[in-house]
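Read through the structure below, which is laid out as C-alpha coordinates, and then see the notes.
Residues: numbered from 1 along the sequence shown. We count ligands from 1, going down the list as the structure has it; atoms in each ligand are counted the same way.
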Amino acid sequence: MALAYPRVLLKLSGEALAGERGFGLDFSVVGRLTEEIKQVHALGASLGIVLGGGNILRGTKASEEGMDRVSADYMGMLATVINALAVQDILERTGVETRVMSAIRMEELAEPYIRRRAQRHLEKGRVVLFAGGTGNPYFSTDTAAVLRALEIEASLLIKATSVDGVYTADPKVDPKAEFLPELSFQDAIVRGLRVMDANAFGLCKENALPIVVMNVNQSGAVARVVQGERVGTLVQ
Ligand code: UDP
(Lines give C-alpha, C1' and ligand atoms only; values in the text may rest on other atoms or scores of the structure.)
Protein backbone atom coordinates (compact mmCIF):
# COMPACT_ATOMS: atom_id res chain seq x y z
CA MET A 1 0.00 0.00 0.00
CA ALA A 2 1.33 3.43 -0.91
CA LEU A 3 1.91 5.64 2.10
CA ALA A 4 0.03 8.92 2.38
CA TYR A 5 3.22 10.52 3.69
CA PRO A 6 6.29 8.63 2.48
CA ARG A 7 8.71 11.02 4.21
CA VAL A 8 7.89 12.68 7.50
CA LEU A 9 9.64 14.69 10.16
CA LEU A 10 8.68 13.80 13.71
CA LYS A 11 9.22 16.37 16.43
CA LEU A 12 9.67 14.66 19.80
CA SER A 13 9.71 17.09 22.68
CA GLY A 14 11.91 16.49 25.67
CA GLU A 15 8.76 16.26 27.76
CA ALA A 16 7.67 13.19 25.79
CA LEU A 17 10.87 11.42 26.86
CA ALA A 18 10.51 12.29 30.54
CA GLY A 19 7.20 10.48 31.08
CA GLU A 20 5.35 11.06 34.33
CA ARG A 21 8.36 12.34 36.20
CA GLY A 22 8.53 15.38 33.91
CA PHE A 23 12.30 15.67 34.10
CA GLY A 24 15.24 13.76 32.64
CA LEU A 25 14.81 10.50 30.80
CA ASP A 26 12.42 7.71 31.64
CA PHE A 27 13.96 4.81 29.74
CA SER A 28 10.79 2.73 29.77
CA VAL A 29 8.98 5.64 28.11
CA VAL A 30 11.82 6.07 25.61
CA GLY A 31 11.56 2.33 24.92
CA ARG A 32 7.85 2.61 24.18
CA LEU A 33 8.41 5.60 21.88
CA THR A 34 11.05 3.75 19.95
CA GLU A 35 8.49 0.98 19.34
CA GLU A 36 6.28 3.63 17.71
CA ILE A 37 9.21 4.79 15.59
CA LYS A 38 10.03 1.21 14.65
CA GLN A 39 6.47 0.66 13.39
CA VAL A 40 6.72 3.72 11.13
CA HIS A 41 10.08 2.54 9.84
CA ALA A 42 8.67 -0.95 9.20
CA LEU A 43 6.02 0.57 6.93
CA GLY A 44 8.86 1.75 4.71
CA ALA A 45 8.42 5.42 5.55
CA SER A 46 11.43 7.66 5.48
CA LEU A 47 11.75 9.25 8.89
CA GLY A 48 13.66 12.17 10.35
CA ILE A 49 13.30 13.04 14.03
CA VAL A 50 14.06 16.34 15.74
CA LEU A 51 14.60 15.99 19.49
CA GLY A 52 13.68 18.64 22.00
CA GLY A 53 15.62 19.22 25.20
CA GLY A 54 13.08 20.72 27.59
CA ASN A 55 13.24 17.64 29.86
CA ILE A 56 16.79 18.65 30.76
CA LEU A 57 17.07 22.40 30.27
CA ARG A 58 15.18 25.29 28.70
CA GLY A 59 17.16 28.38 27.82
CA THR A 60 14.44 30.86 28.70
CA LYS A 61 13.88 29.36 32.13
CA ALA A 62 17.59 29.12 32.97
CA SER A 63 18.13 32.72 31.90
CA GLU A 64 15.23 33.85 34.09
CA GLU A 65 17.08 32.18 36.93
CA GLY A 66 20.23 34.18 36.24
CA MET A 67 22.14 32.33 33.51
CA ASP A 68 23.36 34.22 30.49
CA ARG A 69 20.72 33.53 27.79
CA VAL A 70 23.13 32.50 25.07
CA SER A 71 25.00 30.08 27.35
CA ALA A 72 21.69 28.71 28.58
CA ASP A 73 20.52 28.16 25.01
CA TYR A 74 23.71 26.28 24.17
CA MET A 75 23.10 24.12 27.23
CA GLY A 76 19.58 23.47 25.91
CA MET A 77 20.99 22.47 22.54
CA LEU A 78 23.40 20.06 24.26
CA ALA A 79 20.41 18.57 26.09
CA THR A 80 18.90 17.60 22.73
CA VAL A 81 22.09 15.66 21.96
CA ILE A 82 21.69 13.67 25.18
CA ASN A 83 18.12 12.84 24.15
CA ALA A 84 19.17 11.88 20.62
CA LEU A 85 21.81 9.48 21.94
CA ALA A 86 19.25 7.83 24.23
CA VAL A 87 16.76 7.34 21.39
CA GLN A 88 19.52 6.13 19.06
CA ASP A 89 20.77 3.56 21.53
CA ILE A 90 17.35 2.04 22.08
CA LEU A 91 16.37 2.16 18.39
CA GLU A 92 19.58 0.44 17.31
CA ARG A 93 19.03 -2.27 19.92
CA THR A 94 15.66 -3.01 18.33
CA GLY A 95 17.34 -3.39 14.94
CA VAL A 96 16.62 0.01 13.36
CA GLU A 97 19.61 1.62 11.68
CA THR A 98 20.03 5.25 12.73
CA ARG A 99 22.34 8.22 12.45
CA VAL A 100 22.55 11.17 14.81
CA MET A 101 23.37 14.41 13.03
CA SER A 102 24.18 17.41 15.16
CA ALA A 103 23.92 21.10 14.30
CA ILE A 104 26.78 21.62 16.77
CA ARG A 105 29.92 19.72 15.81
CA MET A 106 30.91 16.94 18.18
CA GLU A 107 32.29 14.27 15.92
CA GLU A 108 33.02 11.70 18.60
CA LEU A 109 29.30 11.38 19.21
CA ALA A 110 27.44 12.44 16.10
CA GLU A 111 27.90 13.33 12.46
CA PRO A 112 27.86 17.01 11.63
CA TYR A 113 24.61 18.04 10.01
CA ILE A 114 25.04 18.16 6.25
CA ARG A 115 21.80 18.27 4.33
CA ARG A 116 22.87 16.12 1.39
CA ARG A 117 24.27 13.51 3.73
CA ALA A 118 21.03 13.47 5.72
CA GLN A 119 19.11 12.85 2.52
CA ARG A 120 21.45 10.01 1.59
CA HIS A 121 20.90 8.35 5.00
CA LEU A 122 17.15 8.64 4.54
CA GLU A 123 17.34 7.14 1.05
CA LYS A 124 19.20 4.20 2.56
CA GLY A 125 16.37 3.67 5.03
CA ARG A 126 18.14 4.99 8.10
CA VAL A 127 16.23 6.92 10.71
CA VAL A 128 17.99 10.27 11.07
CA LEU A 129 17.97 11.88 14.51
CA PHE A 130 18.59 15.60 14.26
CA ALA A 131 20.20 16.99 17.40
CA GLY A 132 21.47 20.40 18.46
CA GLY A 133 18.36 22.27 17.33
CA THR A 134 19.19 24.85 14.69
CA GLY A 135 22.64 25.33 16.22
CA ASN A 136 21.73 28.91 17.14
CA PRO A 137 20.63 30.47 20.41
CA TYR A 138 17.24 32.24 20.58
CA PHE A 139 15.62 29.49 18.52
CA SER A 140 13.59 26.47 19.53
CA THR A 141 13.57 22.86 18.50
CA ASP A 142 10.15 23.49 16.93
CA THR A 143 11.87 25.86 14.53
CA ALA A 144 14.58 23.26 13.98
CA ALA A 145 11.85 20.71 13.20
CA VAL A 146 10.28 22.91 10.51
CA LEU A 147 13.68 23.75 9.08
CA ARG A 148 14.78 20.11 8.84
CA ALA A 149 11.38 19.05 7.48
CA LEU A 150 11.74 21.57 4.66
CA GLU A 151 15.35 20.64 4.03
CA ILE A 152 14.68 16.90 3.75
CA GLU A 153 11.51 17.62 1.74
CA ALA A 154 9.19 15.88 4.17
CA SER A 155 5.53 16.18 3.18
CA LEU A 156 4.36 16.35 6.80
CA LEU A 157 5.57 17.54 10.18
CA ILE A 158 4.25 15.46 13.07
CA LYS A 159 4.34 17.19 16.43
CA ALA A 160 4.14 14.51 19.09
CA THR A 161 2.76 15.84 22.35
CA SER A 162 0.99 14.58 25.43
CA VAL A 163 -2.42 15.96 24.38
CA ASP A 164 -4.65 14.67 21.58
CA GLY A 165 -4.28 17.69 19.33
CA VAL A 166 -5.24 21.35 19.19
CA TYR A 167 -8.04 22.56 21.47
CA THR A 168 -9.80 25.90 21.83
CA ALA A 169 -8.14 26.18 25.27
CA ASP A 170 -5.70 24.10 27.32
CA PRO A 171 -7.62 20.84 28.01
CA LYS A 172 -5.51 20.20 31.10
CA VAL A 173 -6.81 23.45 32.61
CA ASP A 174 -10.20 24.13 31.00
CA PRO A 175 -12.72 21.23 30.99
CA LYS A 176 -14.79 23.07 28.35
CA ALA A 177 -11.89 23.14 25.88
CA GLU A 178 -13.06 21.88 22.51
CA PHE A 179 -11.00 19.58 20.30
CA LEU A 180 -10.34 20.80 16.76
CA PRO A 181 -9.76 18.00 14.22
CA GLU A 182 -8.67 20.35 11.45
CA LEU A 183 -7.78 23.99 11.00
CA SER A 184 -6.03 26.28 8.57
CA PHE A 185 -2.85 28.22 9.35
CA GLN A 186 -4.88 31.41 9.14
CA ASP A 187 -7.54 30.08 11.58
CA ALA A 188 -4.87 29.23 14.12
CA ILE A 189 -3.44 32.75 13.92
CA VAL A 190 -6.80 34.56 13.98
CA ARG A 191 -8.06 32.48 16.92
CA GLY A 192 -4.76 32.74 18.76
CA LEU A 193 -4.33 28.94 18.95
CA ARG A 194 -0.82 27.96 19.86
CA VAL A 195 0.30 25.02 17.72
CA MET A 196 4.02 25.71 18.08
CA ASP A 197 6.09 28.80 18.71
CA ALA A 198 5.35 31.74 16.43
CA ASN A 199 8.64 31.57 14.51
CA ALA A 200 8.24 27.90 13.73
CA PHE A 201 4.56 28.29 12.87
CA GLY A 202 5.28 31.20 10.52
CA LEU A 203 7.92 29.18 8.71
CA CYS A 204 5.46 26.31 8.25
CA LYS A 205 2.73 28.60 6.98
CA GLU A 206 5.03 30.39 4.56
CA ASN A 207 6.09 27.09 3.04
CA ALA A 208 2.67 25.38 3.24
CA LEU A 209 4.07 22.48 5.25
CA PRO A 210 1.14 20.64 6.89
CA ILE A 211 1.38 19.75 10.59
CA VAL A 212 -0.32 16.98 12.53
CA VAL A 213 -0.42 17.59 16.28
CA MET A 214 -1.04 14.29 18.03
CA ASN A 215 -0.76 12.37 21.27
CA VAL A 216 2.29 10.14 21.19
CA ASN A 217 0.92 8.05 24.07
CA GLN A 218 -1.68 6.42 21.81
CA SER A 219 -0.21 3.16 20.63
CA GLY A 220 0.33 2.94 16.84
CA ALA A 221 -0.84 6.50 16.22
CA VAL A 222 2.23 7.78 14.37
CA ALA A 223 2.07 4.81 11.98
CA ARG A 224 -1.62 5.52 11.35
CA VAL A 225 -0.86 9.16 10.54
CA VAL A 226 1.78 8.13 8.00
CA GLN A 227 -0.77 5.83 6.35
CA GLY A 228 -3.19 8.72 5.96
CA GLU A 229 -5.56 8.05 8.84
CA ARG A 230 -6.95 11.11 10.58
CA VAL A 231 -5.35 11.25 14.01
CA GLY A 232 -5.01 14.37 16.14
CA THR A 233 -5.33 17.80 14.55
CA LEU A 234 -4.32 18.55 10.98
CA VAL A 235 -3.16 22.11 10.35
CA GLN A 236 -2.76 23.01 6.69
N1 UDP B 1 17.63 25.74 21.72
C2 UDP B 1 18.27 26.78 21.08
N3 UDP B 1 18.30 26.81 19.71
C4 UDP B 1 17.67 25.86 18.95
C5 UDP B 1 16.99 24.82 19.61
C6 UDP B 1 16.99 24.79 21.00
O7 UDP B 1 18.83 27.67 21.71
O8 UDP B 1 17.74 25.94 17.71
C9 UDP B 1 17.68 25.66 23.20
C10 UDP B 1 16.67 26.54 23.91
O11 UDP B 1 17.29 27.05 25.06
C12 UDP B 1 15.58 25.56 24.29
C13 UDP B 1 16.36 24.30 24.58
O14 UDP B 1 17.41 24.33 23.61
O15 UDP B 1 14.87 25.99 25.43
C16 UDP B 1 15.58 23.02 24.49
O17 UDP B 1 14.78 22.99 23.33
P18 UDP B 1 13.17 23.14 23.37
O19 UDP B 1 12.78 24.00 24.52
O20 UDP B 1 12.73 23.56 22.02
O21 UDP B 1 12.78 21.63 23.64
P22 UDP B 1 11.34 20.94 23.84
O23 UDP B 1 10.40 21.94 24.43
O24 UDP B 1 10.87 20.52 22.49
O25 UDP B 1 11.62 19.76 24.70
May I ask which of Thr134, Val50, Leu12 has a heavy atom nearer to atom 8 (O) of ligand 1 than the others do? Thr134
So the atoms of ligand 1 within less than 4.0 Å of a heavy atom of Ser13 turn out to be 24 (O), 25 (O)
Using ring pair (Phe, Tyr, Trp, His ring centres under 6.0 Å) as the criterion, list what pairs up with Tyr5, not counting sequence neighbours. none
Is it the side chain (CB and beyond), the backbone, both or neither of Lys11 that lies under 4.0 Å from ligand 1, heavy atoms counted? side chain
Would you kindly specify which portion of Ala144 sits under 4.0 Å from ligand 1, judged on non-hydrogen atoms: side chain, backbone, both or neither? neither
for atom 21 (O) of ligand 1, nearest protein heavy atom and its distance come out as Gly53 N, 3.0 Å
What atoms in ligand 1 come closer than 4.0 Å to a heavy atom of Arg58? 15 (O), 19 (O), 22 (P), 23 (O)
Here the atoms of ligand 1 under 4.0 Å from any heavy atom belonging to Pro137 are 7 (O)
Kindly write out the residues that satisfy side chain to side chain contact (heavy atoms under 4.5 Å, CB included) with Arg230, not counting sequence neighbours, or none if the list is empty. Pro181, Glu182, Leu234
What are the atoms of ligand 1, with element, lying closer than 4.0 Å to any heavy atom of Leu57? 13 (C), 16 (C)
same_hphob_cluster(Val235, Phe179) at 4.5 Å side-chain heavy-atom cutoff: no
Minimum heavy-atom separation for Leu122 and Gly48, please, with both atom names. CD2-N, 4.2 Å
Name the option, out of Ile104, Thr60, Asp73, that contains the heavy atom nearest to atom 11 (O) of ligand 1. Asp73
Co-membership, hydrophobic cluster, residues Phe130 and Phe139, 4.5 Å side-chain: no
Would Arg148 count as a cation-pi partner of Tyr113, with NZ or CZ less than 6.0 Å from the six-membered ring centre and within 45° of the ring normal? yes
Residue and atom name of the nearest protein heavy atom (relative to atom 15 (O) of ligand 1), distance in Å to one decimal: Gly59 N, 3.0 Å
Quick check on contacts: which atoms of ligand 1 are under 4.0 angstrom from a heavy atom of Gly52? 21 (O), 22 (P), 24 (O), 25 (O)
In the protein, what heavy atom is nearest to atom 3 (N) of ligand 1, and what distance, to one decimal place, separates them? Asn136 O, 2.7 Å
Out of Gly76, Ala200, Ala72, indicate the one that has the non-hydrogen atom closest to atom 13 (C) of ligand 1. Gly76
Thr143 backbone acceptor or donor facing Asn199 side chain under 3.5 Å: no
Give me the residue, atom name and distance of the protein heavy atom closest to atom 1 (N) of ligand 1. Phe139 O, 3.4 Å
Applying side-chain contact (heavy atoms from CB on, under 4.5 Å), run through Met106 and Leu78 and close with a yes or a no. CA-CA 10 Å; Met106 43 177 97; Leu78 294 180; 3.5 Å; yes
If you have a sec, work out which protein heavy atom is nearest atom 5 (C) of ligand 1 and how many Å separate them, to one decimal? Ser140 C, 3.4 Å
Please say yes or no: joined through hydrophobic side-chain contacts below 4.5 Å, possibly via intermediate residues, are Met214 and Tyr167 part of one cluster? no
Per atom 17 (O) of ligand 1, closest listed option by heavy atom (Thr143, Thr161, Thr141): Thr141
Cluster overlap Leu9 with Phe201, hydrophobic side-chain contacts below 4.5 Å: yes
